[in-house]
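Notes follow once the structure below has been shown.
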Amino acid sequence: MQDRPVTVRLPEGVPLVWVDAVLLQQVLVNLLDNAVKYTPPGSPIDITAELSPYRLTIAVEDRGPGIPAGMEQKLFDKFYRLQAESAQSGVGLGLAICRAAVQAHGGEMSVESRQGGGAAFSLTLPVQKDPPPMAEEDASEEPP
């Protein structure tokens with residue numbers, strides 16, 4: 001995190017969410033990597049989670065330049081970048097892939113500028129009260 005102060009705020013009793021852990025880990029790594037790339041050295045990064053009866057929202061917030069008005073949805077387009085190619089490495093697929101991974105889990109992803117400067121990337125995932133049902137196996141069948 002390159003000596004950045006990181007604050008994590010999670011509510012008590014956050015339930016497990018049925019997701020592909022590797023994909024969602026990659027989404028969070030990408031958001032944190034972007035926060036480091038596109039903000040001034042030493043600026044803080046906040047990670048928060050909010051729980052509602054059916055949804056869990058996770059936000060990664062920074063104190064960089066923010067998102068220009070009208071560009072909030074464009075950032076998630078394939079190959080789109082706010083900064084010139086020479087300014088940062090990559091081809092502009094990271095956020096498009098993140099959004100696709102979150103949508104594959106029945107969730108949504110968005111970004112908005114923070115009051116006081118910076119960007120807030122949020123991903124919202126459905127919360128299931130019970131695990132999905134599993135098909136019952138016939139106990140009389142022999143395993144292959």
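- Results of the side-chain contact (heavy atoms from CB on, under 4.5 Å) test with Ile47 over Thr7, Leu32, Leu10 single out Leu32 as the only residue that passes.
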Would you please test Val36 and Ile45 for side-chain contact (heavy atoms from CB on, under 4.5 Å) and show each step?
-> CA-CA 8 Å; Val36 169; Ile45 297 172; 4.1 Å; yes

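- Side-chain contact between Leu31 and Met109 is present, with at least one heavy-atom pair separated by less than 4.5 Å.
- Between the CG atom of Leu56 and the CG atom of Leu123 there is a distance of 8.0 Å, given to the nearest 0.5 Å.
- Atom CD of residue Glu61 and atom CZ of residue Phe121 lie 11.0 Å apart, to the nearest 0.5 angstrom.
- With 3.5 Å as the limit, one finds no donor-acceptor pair spanning the side chains of Ser122 and Thr57.
- Rounding to the nearest 0.5 Å places CG of Leu23 at 10.0 Å from CD of Gln25.
- Minimum interatomic distance between Val102 and Thr124 (heavy atoms only, all atoms of both residues): CG1-O, 4.1 Å.
- Shown here are the salt bridge (Lys or Arg N to Asp or Glu O under 4.0 Å) partners of Arg55, two or more places apart in sequence or in another chain: there are none.
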Test Val14 against Glu50 for side-chain contact (heavy atoms from CB on, under 4.5 Å), laying out the working first.
-> CA-CA 9 Å; Val14 175; Glu50 291 182 18; over 6 Å; no

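- Minimum heavy-atom separation, Gly64 to Pro40: CA-CD, 4.0 Å.
- Tested against Leu24 for a side-chain contact (heavy atoms from CB on, under 4.5 Å), the candidates Val29, Leu125, Ile58 yield a single pass: Leu125.
- Of all the heavy atoms in Arg99 and Ser110, the pair that sits closest is NH2-CA, 4.5 Å.
- When all heavy atoms of Asn30 and Gly94 are compared, the pair lying nearest together is ND2-CA, 3.6 Å.
- Across every non-hydrogen atom of Leu51 and Gly13, the tightest pair is CD2-O, 4.1 Å.
- Between the side chains of Arg63 and Thr39, not a single donor N or O lies within less than 3.5 Å of an accepting N or O.
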Criterion side-chain contact (heavy atoms from CB on, under 4.5 Å) on Asp46 and Val6, from CA distance to verdict = CA-CA 6 Å; Asp46 298 319; Val6 177; over 6 Å; no

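- Under the 3.5 Å distance criterion, the side-chain polar atoms of Asp62 are matched with a main-chain donor or acceptor of Ala119.
- Cluster membership for Leu16 and Val19, using ILVMFWY side-chain heavy atoms within less than 4.5 angstrom, is not shared.
- The nearest pair of heavy atoms linking Arg4 to Met1 is CG-O, 2.7 Å.
- Applying the salt bridge (charged side-chain N to carboxylate O under 4.0 Å, His left out) test to pairs two or more places apart or on separate chains, those with a residue in residues 23-35 are Asp33-Lys37.
- Ile67 contributes atom CD1, which lies 5.5 Å from atom OG of Ser113 (distance to the nearest 0.5 angstrom).
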